[in-house]
Amino acid sequence: MPELPDLEVFAANLEKRFKHKTLERLKAWVIKKLNVSEKELRDQLQGRKLFAVKREGKTLQLHFEGGNVLGLHLMLHGELKTFKHEEELKHPIISLCFKDADGFALTDFQKAATPTFNPPSSDVPDALSDEMSLSYLERILAKTKKPVKTLLMDQHVIRGIGNTYADEILWAARISPMSLSKAIPKAKVKDLYHLIGTLLRKEIAQIGGAMSDQLSGEIKDFLKIHGAHIKESPTGKKVQVTKIGGRKSYFTDEQELFQ
DNA sequence: TAGAATGTTACAGG
DNA sequence: CCCTGTAACATTCT
């Protein structure tokens, strides 16, 4: 469920709760999408200390003592749930019990959320990484006829931006989400580039401030146009709705359509 | 109460 | 073969 800013906050909050704790027991409830056996996961991770939790694209990565990493992708409906007794979990995918702490689990009623042992590193730049340069954005936009929103959300091109923040970023940049990627003028691409970084970072700070130490939930308080309940943009223009790539998209006529 | 849900992927069609 | 758009996935919530 969460998008990049939420995941960033969850990563920080997982560290707050579990950093330096030893993983006592791991249980894989749904193994269909796991890239290794439950036994190998246990052999490699149980008894090890968690020393960092990072966000990479739309995944969380748990770094354990010994150099092994457990990646978690929440997909559309995945959630992190703390628990005292794992039998109480609804739709668990994988659960982790730590010494001298509660456990936490990845759950997903759709069974789509995926744990990955030692996820391979990616060449695709994360939206908040140094590799995400203006020249890179110019290059990929020039290459495609897809609507710009579709491109921003394409995880094979930029990692981390989802449906909600694609709308938010494009409204901030005053670019219509339906704009033909290659038709966007250079000056506008520059605006877009800077807004990706500043908007996401601002959102992380705001959500972080509002979340205390939560690991789940959605804070939509800071969204400006994405959401059925939002009728007007902050500048008082009517919010319009359409579907792009099968996903609801919110925009206003303040956003210029390039085609 | 039928439809929508912040994602990804396989597949169809051009 | 490359590019783009659509449907399916399984369940819950409104």
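Letters A, B, ... are given to chains in the order of the sequence lines, protein chains preceding strands, and every chain is numbered from 1.
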Grab the N/O contacts between the protein and nucleotides 3-6 of chain C below 3.5 Å, and write none if there aren't any.
| residue | atom | partner | partner atom | Å |
| --- | --- | --- | --- | --- |
| C:dT4 | OP1 | A:T144 | OG1 | 3.2 |
| C:dT4 | OP1 | A:K145 | N | 2.8 |
| C:dT4 | OP2 | A:T144 | OG1 | 3.3 |

What are the two closest non-hydrogen atoms of [X] and [Y], and how far apart are they?
| X | Y | answer |
| --- | --- | --- |
| A:I93 | A:D108 | CG1-N, 3.9 Å |
| A:K49 | A:T22 | CG-OG1, 3.4 Å |
| A:K33 | A:K111 | CD-O, 4.1 Å |
| A:P5 | A:I204 | CA-CG1, 3.6 Å |
| A:D154 | A:K146 | OD2-NZ, 3.3 Å |

Give the cluster check for A:I219 versus A:F10: same hydrophobic cluster or not, with ILVMFWY residues linked at side-chain heavy-atom distances below 4.5 Å.
->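 Yes, one cluster joins them.
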Please report the distance, rounded to the nearest Å, between [atom1] in [X] and [atom2] in [N].
| X | N | atom1 | atom2 | value |
| --- | --- | --- | --- | --- |
| A:H229 | B:dA5 | NE2 | C1' | 15 Å |
| A:M153 | B:dT9 | CE | C1' | 14 Å |
| A:K220 | B:dA4 | NZ | P | 15 Å |
| A:Q155 | B:dT8 | CD | P | 4 Å |
| A:L200 | B:dT6 | CG | P | 16 Å |
| A:H91 | C:dT12 | NE2 | P | 4 Å |
| A:H226 | B:dA5 | NE2 | C1' | 9 Å |
| A:I93 | C:dT11 | CD1 | P | 11 Å |

Has A:H73 got a side-chain N or O lying under 4.0 Å from the OP1 or OP2 atom of B:dT8?
-> yes
Between A:H77 and B:dT6, is there a side-chain N or O to OP1/OP2 distance below 4.0 Å?
-> no
In terms of side-chain heavy atoms of [X], which of [options] is nearest?
| X | options | result |
| --- | --- | --- |
| A:K248 | B:dA5, B:dT8, B:dT6 | B:dA5 |
| A:Q110 | C:dC9, B:dA5, C:dT11 | C:dC9 |
| A:F109 | B:dT6, B:dT8, C:dT12 | C:dT12 |

May I ask you to decide if the ring planes of A:F104 and A:F18 are parallel, tilted or perpendicular, using 30° and 60° as cut-offs?
-> tilted
Would you please classify the geometry between the A:H91 ring and the A:F109 ring as parallel, tilted or perpendicular, with 30° and 60° separating the classes?
-> perpendicular
Which base, if any, makes a Watson-Crick or G-U wobble pair with C:dG5, both distances under 3.5 Å?
-> B:dC11
In whole Å, measure the gap between the [atom1] atoms of [N] and [M] for me.
| N | M | atom1 | value |
| --- | --- | --- | --- |
| B:dT6 | B:dA10 | C1' | 22 Å |
| B:dT8 | C:dT12 | P | 22 Å |
| C:dA7 | B:dA4 | C1' | 15 Å |
| B:dC11 | C:dA10 | P | 15 Å |

